[in-house]
Q: 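Once you've had a glance at the structure underneath, I'll fire off some questions.
To find a chain, count down the sequence lines: A is the first, B the second, and so on, and within it residues start at 1.
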Amino acid sequence: MMPRDLPALTVYSAAQLLHAGEISATELTESVLDRIYALDNTIKAYLALTPELALEGAQQADAALVAARRTGSVAELPPLLGIPLAIKDVITVEGVPLTCGSRILEGYIPPYQATAIIRLLDAGGVLLGKTNTDEFAMGSSTENSAYFTTRNPWDLTRVPGGSSGGSAAAVAADLCLGALGSDTGGSVRQPASLCGIVGLKPTYGRVSRYGLVAYASSLDQIGPLAKDVTDAALLLRAIAGHDPADSTSVDAPVPDYAAALQRMNGESKPLAGLRVGVPQEYFIAGIQPEVESAVRGAIDKLADLGADVRPISLPHTDLALPVYYLVAPAEASANLARFDGIRYGLSVEAESLWDTYRRTRGQGFGPEVKRRIMLGTYALSAGYYDAYYLKAQQVRTLIKADFDAALAEVDVIACPTSPTTAFPIGERAADPLSMYLADIFTLSLNLAGLCGISLPCGFDGQGLPIGLQLMAGAFQEERLLTAAYAYEQATEWHLQKPVIAAVESQE
Amino acid sequence: MALSLAEVEHVAELARLCLTDAEKSLFRDQLSAILDHAAVLQGVDTSAIAPTATVLPLRNVLRADVSRPSLPQEDVLANAPDGRDGFFAVRAILSATPKSS
């Protein structure tokens, strides 16, 4: 295998080659780092690289691989041994600077490891670096990063989506084998859709939030971004499970998701008996026609695979956007109160403590973060709490009830991930409401606390990827993954790779 | 609903955010537009609907009351702009009163 092919490997296929001794972890990590050095000036997926950490991890993995081959215990090796991974820069890695895409945390070095990182490292993962994000995960394009905008590997003039746009672009451009992101209103699924990869938002409580910098605590979840469904299954299993350090993590068994996928191989009607609901409210005016036709085509394919497809209704869908943009900013305004120039990050000297707070926050936060802090503070303030925050929480109950009713009738819900394919950089930056519409199909799931996945289901006329979103009930990730896997195995969308224009063509 | 500049300044004060004049007028317009969009919620009858603060059943999570290792003090203070004698250092607050910026 040529070194330049190594970064294109999936997690699963790389593990096979590592186990067989056909490649070494060091070789694999070096090849991915070389590709990052060659291409990331163009893609701008990474905020910071950790090559020493990566090579050290790779060497340890090689030692373990050699020892296991000698003793015939390769099957017992941890599942991600020697696999180079990227981490969204809202998740703490001990000793590695964390910015959250914000100036206010510039220079901050976390003294502790996020639980998801502990688990990835225990599983043998190799950490390449921290990926770009909209500031504090607030955005749908990475344009709200205080540092730079990540480019979509399919078209460098377009956004990768967000807020986990750095992780999505890194996966799509083979600048890592898999990545972690976080999803508060669609921030894993929407960039996965816009970059033509797989992104999974776990059930609220499935993955520990310890070490994930809080944006909206009742909505946030860490989730994997991957080249295919099998890899998403492997990454999810590694990070999922109860954690005493996060009181909202749920003590429920973590199935071997990838094994469940393997069991489906060879079935001609792998989705026989699966009830798939299609919500009419997700096919609205304003959706890009090519997105609608690709998603409807994917739903027909699910039926071909044996699924029982039927229309359903989620009647309060049009209220999810206003509910989200009251609930999430309200929680954010409380969570981001901790950034005040006293314990970490930027601190602006002033005459009084009050002015230190005000000036640090005024200088350290970017426009979208200020806007959401203001919106949330307003919605929680005396005189407006009942009309805005309480009202939004009550309508959230109705949105959740829509899902409960629908999921009593069907097993999985199928719809578009995003109403459009990747939009041009700058197109929506000046109009917050138009940017908020990018998440219109992903927000509801977070409000209901359920799980969802985006996977490639086609391309538009300009060659930009389109994502199919599947949603399922609480802790039904295995059902979600098996449905996604059946579709993926019957199609070839996930095998398409972007040609990084003006860079790879010169090689 | 249109916010006034005075309301924007009041909210900024509550949020401890120093805003420029340009930001104040920008946020007045943008927040007004977003709140207009949210006005659709006022038409929903929620008189009999309980609020959802979290999708999980609310409960206390308890653990055994035993001491365990925590982060070393110097590690915690390492990121602080100013620390003294194992504490975070801040300006005196008793003489300072909050005032609008």
Q: Taking B:N79 for the side chain and A:I109 for the main chain, is one N or O donor matched with an acceptor at less than 3.5 Å?
A: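 It does hold such a pair.
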Q: At what distance, to the nearest 0.5 angstrom, does OH of A:Y357 lie from CZ of B:R91?
A: 13.0 Å
Q: Which atom pair, heavy atoms only, marks the closest approach of B:L14 to A:S381?
A: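 For B:L14 and A:S381, the tightest heavy-atom pair comes out as CD1-CB, 4.0 Å.
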Q: Is it the side chain or the backbone of A:E94 that comes within 4.5 Å of chain B heavy atoms, both, or neither?
A: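 When you check distances to chain B, no heavy atom of A:E94 falls under 4.5 Å.
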Q: Among A:R343, A:K370, A:R396, A:E351, which residue forms the greatest number of heavy-atom pairs with chain B at distances under 4.5 Å?
A: A:R343
Q: Can you tell me which of A:Y389, A:Y344, A:F365 forms the most heavy-atom pairs within a distance under 4.5 Å of chain B?
A: A:Y344
Q: Please report the C-alpha distance between B:D75 and A:Y112 in whole Å, then the side-chain angles of each, then the deciding distance to 0.1 Å, and finally whether the side-chain contact (heavy atoms from CB on, under 4.5 Å) criterion is met.
A: CA-CA 9 Å; B:D75 289 7; A:Y112 71 107; over 6 Å; no
Q: Would the distance check show the side chain of A:T397 and the main-chain N or O of B:A50 forming a donor-acceptor pair, the cut-off being under 3.5 Å?
A: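 Yes, because the side chain of A:T397 sits within donor-acceptor range (under 3.5 Å) of the backbone of B:A50.
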Q: First locate atom OG1 of B:T46, then atom CG of A:L398, and finally report the distance between them rounded to the nearest 0.5 Å.
A: 7.5 Å
Q: Could you tell me if the side chain of B:H37 sits less than 4.5 Å from the side chain of A:L433, heavy atoms only?
A: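 A:L433 reaches B:H37 side chain to side chain.
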Q: Pick from A:V327, A:L450, A:V395, A:L447: which one has the most heavy-atom pairs with chain B under 4.5 Å?
A: A:V395
Q: Take A:R371 and B:L31, measure what side-chain contact (heavy atoms from CB on, under 4.5 Å) needs, and give me the verdict at the end.
A: CA-CA 7 Å; A:R371 193 154 38 237; B:L31 296 181; 4.0 Å; yes
Q: Which is it for A:T248 and B:T54 under the side-chain contact (heavy atoms from CB on, under 4.5 Å) test, yes or no, and what are the steps along the way?
A: CA-CA 9 Å; A:T248 63; B:T54 167; 5.7 Å; no
Q: With a 6.0 Å cut-off (strictly less than), is the heavy-atom count around CZ of B:F88, excluding the residue itself, greater than 12?
A: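 Enclosed: over 12 neighbouring heavy atoms sit under 6.0 Å from CZ of B:F88.
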Q: Does any backbone or side-chain atom of A:L319 lie under 4.5 Å from a heavy atom of chain B? Answer side chain, backbone, both or neither.
A: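 When you check distances to chain B, atoms from both the backbone and side chain of A:L319 fall under 4.5 Å.
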Q: Sort A:A401 into side chain, backbone, both or neither according to what part of it lies under 4.5 angstrom from a heavy atom of chain B.
A: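 Neither part; nothing is under 4.5 Å.
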Q: Of the backbone (N, CA, C, O) and the side chain (C-beta and beyond), which part of A:Y384 lies under 4.5 Å from a heavy atom of chain B, both, or neither?
A: side chain
Q: Tell me, side chain or backbone of B:A15 under 4.5 Å from chain A's heavy atoms, or both, or neither?
A: both
Q: At a heavy-atom separation under 4.5 Å, does B:L77 approach chain A through its side chain, its backbone, both, or neither?
A: neither
Q: Any idea which heavy atoms bring A:G341 and B:P81 closest together, and the distance?
A: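 That closest heavy-atom pairing would be O-CG, 3.3 Å.
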Q: Looking only at heavy atoms, which two atoms of A:Q394 and B:I49 are closest? And how far apart?
A: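 Where A:Q394 meets B:I49 most closely, the heavy atoms are NE2-O, 3.1 Å.
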Q: Taking every non-hydrogen pair under 4.5 Å, which of B:V55, B:V8, B:V44, B:V61 racks up the most with chain A?
A: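 Top option by heavy-atom pairs under 4.5 Å: B:V55.
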Q: Measuring from B:R16:CZ to A:L353:CG, what's the distance to the nearest 0.5 Å?
A: 9.0 Å
Q: Need one label for B:Q30: side chain, backbone, both or neither, based on atoms under 4.5 Å from any heavy atom in chain A.
A: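 Only the side chain of B:Q30 comes within 4.5 Å of chain A.
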Q: Can you tell me how far apart OH (A:Y378) and NE2 (B:H10) are? Round to the nearest 0.5 Å.
A: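 Reported value, rounded in 0.5 Å steps: 10.0 Å.
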Q: Non-hydrogen atoms of chain B under 4.5 Å away: do they reach the side chain of A:A430, the backbone, both or neither?
A: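 Interface part for A:A430: backbone (N, CA, C, O).
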Q: List the steps, then state whether side-chain contact (heavy atoms from CB on, under 4.5 Å) holds for A:M374 with B:R28.
A: CA-CA 10 Å; A:M374 292 285 289; B:R28 179 192 56 195; over 6 Å; no
Q: Select, from B:L35, B:V76, B:L41, the one with the greatest count of heavy-atom pairs under 4.5 Å involving chain A.
A: B:L41
Q: Name the region of A:A350, side chain, backbone, both or neither, that has any atom closer than 4.5 Å to a heavy atom of chain B.
A: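 Answer is backbone: N, CA, C or O of A:A350 sit under 4.5 Å from chain B.
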